Number of protein chains: 2
Amino acid sequence: MPKENAHSKTDTHLTMRVVDHFSAMIEDGRLHPGDQIPPERDLARSLKMSRASLRAGIGYLAAMGVMNVRHGVGTFVADGPPELGKASISLMGALHGFQPWQMFEARKILEGQLAALAAERGTEAHFTALAEELAEMYATINDPAEYLIHDVRFHRMIAKAAGNPILAALMETVTSALYDDRRKTAERSRGLKQSADLHKELYRAMRAKNSAEAQALMEHHLSMAQSAQDREIAAVPRRRVSGKSKSSRTANTSR
Amino acid sequence: MPKENAHSKTDTHLTMRVVDHFSAMIEDGRLHPGDQIPPERDLARSLKMSRASLRAGIGYLAAMGVMNVRHGVGTFVADGPPELGKASISLMGALHGFQPWQMFEARKILEGQLAALAAERGTEAHFTALAEELAEMYATINDPAEYLIHDVRFHRMIAKAAGNPILAALMETVTSALYDDRRKTAERSRGLKQSADLHKELYRAMRAKNSAEAQALMEHHLSMAQSAQDREIAAVPRRRVSGKSKSSRTANTSR
DNA sequence: TGACTTTTTGTGGTCTGACCACTAGAGTAC
DNA sequence: GTACTCTAGTGGTCAGACCACAAAAAGTCA
């Protein structure tokens, strides 16, 4: 396996030369989040390669979430919240057979711990922000789509309050795979009341700096969510895939 | 804000059309890990786009670790162990200022939980494999480079025994950021004896299905490793860095 | 003056088709 | 058999042109 290691000088692939170039600039502090890089035409000339090759490298960085390319505007160093692996989890699920219960298990561990840490380390500002999202959740209890937005923000704020951006990024990675499905599946309103109440308890536990309770409540909350989803799946059976087409080594991609 | 997402039919970017195309094929089961996709020239014709655009999409998938491109041979669907985000964490560290202690905190949580799960779910085959790696560790106790290989395998086997590939992939993501540095820093031999003994205790706890003890031992082990790294940093002061940018490329000595 | 519309400018996105570089296997000589 | 050479197939790079989009500038009209 070509375990490409960072910062090889004689890297043959031009793509990797570009990646290394920008990696070095970022790690050296010559590039910061939000910075715009020069136009592709100029950059290609100064790096002595064709624009096509340069674009391959930029595309690679963009896929990793390090760069942010905006058509007609420019290319920027990513500045938003850290995102690891992006959509890869959903693909990885298909590739390696991730099971829904495994996702929830991972979430329980990560978010449970995050809630505990937030209880210990959260500041007044964090708790205030949590309270505001909580209020919004109650206010939009009859609008599942809107509710979901504040629900997500609430969880994200907990991650922020926990003070560990790495754990927050990992949570984001796992969660994002489930987000799309949830967005499409408008939840029943009656479920939202119960959900909001649970969040309120969670909020109180964190504000009281009771980390053990916060963790337990979070895990309980996610268990409920898991049950809800299981029921959803049972109600709307998923399409089944035809058997193992192990046929030829070369897959036919055209329809 | 533009949370671009999956499976848009009218996606303007050709790059994303390619990504969606293969994502769909993978999720439908028409493509499996290890499968080879058709040559770029044929594929470009059948997808009705230029080879350049097709390559952009393939490059994107390759960056996400979904595809595996081999010059002169062909392009394949990834079949190795799941890897989320690849090298992104080290870059993210530079971008968002990840601190070493945050990495260890994340590791403690993930690997601690993994050890507990392994104790509960591990099979005889798993424990046997662990015992073999343990033996290799004692055998190579005077060869830090070789020792490290078995050390990593030991931890990886724990992750496998835990039976949750998502958590395993997350651990891999966090750990890989530290691996390169560790490889360069030859450890002290006397530290390895202590490390091996700790792994042995850990092994025994797991085999005895004592999940609580396994988790505690793993966390203790990682705490020791963290202390060792802190000493390493203190002994070899880093080059000064300006402002907020701080290199995450530091040595990790003990495990 | 002020607000709206049109044009210009600068950026990334795509196309074409040619040629280079690598790999693996077939063919050949010994 | 072994080692070498050749060849076909694949991804990698190049060049230059043109398209599409977004923001800013210029023009237009009340």
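Here the structure is a predicted model, which means the values were calculated and not measured. Here is the naming used below: chain letters follow the sequence lines, and residue numbers restart at 1 for every chain.
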Exercise. With respect to the phosphate group of C:dT11, does any side-chain polar atom (N or O) of A:Thr75 fall under 4.0 Å of OP1 or OP2?
Worked result: no

Exercise. Can you check the A:Arg55 CZ to C:dC15 P distance for me, whole Å?
Worked result: 11 Å

For this session: Would you mind telling me which residue lines up with the more 5' stretch of DNA chain D, B:Arg41 or A:Ser53, judged by nearest nucleotide?
Result: B:Arg41

For this session: Nearest whole angstrom, please: distance from the C1' of C:dA21 to the NE2 of A:His13.
Result: 11 Å

Exercise. Nearest-Å distance, CG (A:Leu54) to P (C:dG12)?
Worked result: 9 Å

For this session: Could I get the full list of side-chain contact (heavy atoms from CB on, under 4.5 Å) partners for B:His71, not counting sequence neighbours?
Result: none

For this session: Would you confirm whether B:Asp28, through its side chain, and B:Met25, through its main-chain N or O, come within 3.5 Å as a donor-acceptor pair?
Result: no

For this session: Could you tell me the separation between the CZ atom of A:Arg51 and the P atom of C:dT14, rounded to a whole number of Å?
Result: 10 Å

For this session: For B:Thr175 and B:Glu172, indicate whether the former's side chain and the latter's backbone hold a donor-acceptor pair under 3.5 Å.
Result: no

For this session: With sequence neighbours excluded, tell me which residues meet ring pair (Phe, Tyr, Trp, His ring centres under 6.0 Å) with A:Phe22.
Result: none

Problem set entry | A:Met67 CE to C:dT11 C1', straight-line distance once rounded to whole Å | 15 Å

For this session: Could you pull out all residues at least two apart from A:Phe127 that satisfy ring pair (Phe, Tyr, Trp, His ring centres under 6.0 Å)?
Result: none

Exercise. Is B:Arg17 salt-bridged to B:Asp20, going by a charged N under 4.0 Å from an acidic O?
Worked result: no

Exercise. Once you round it to whole Å, what is the distance between P of C:dT11 and CD of A:Gln36?
Worked result: 8 Å

Exercise. When the distance from OH of B:Tyr60 to P of C:dG13 is rounded to whole Å, what number comes out?
Worked result: 12 Å

For this session: Give every residue pair that meets the salt bridge (charged side-chain N to carboxylate O under 4.0 Å, His left out) criterion with at least one member in residues 54-78 of chain B, sequence neighbours excluded.
Result: B:Glu40-B:Arg55

Exercise. Base, backbone or nothing for each nucleotide of nucleotides 22-27 of chain C, written B, S, -, heavy atoms under 4.0 angstrom, 5' to 3'?
Worked result: BSS---

Exercise. Quick one: B:Glu40 CD to C:dT16 P, roughly how many Å, whole number?
Worked result: 15 Å

Problem set entry | B:Asn164 and A:Gln102: side chain donor to acceptor below 3.5 Å | no

Problem set entry | chain B contact limits on DNA chain D, taken 5' to 3' with a cut-off of 4.0 angstrom to heavy atoms | D:dG9 to D:dT13

For this session: State, to 0.1 Å, how close B:Thr140 and B:His150 come at their nearest heavy-atom pair, and which atoms those are.
Result: OG1-CD2, 4.1 Å

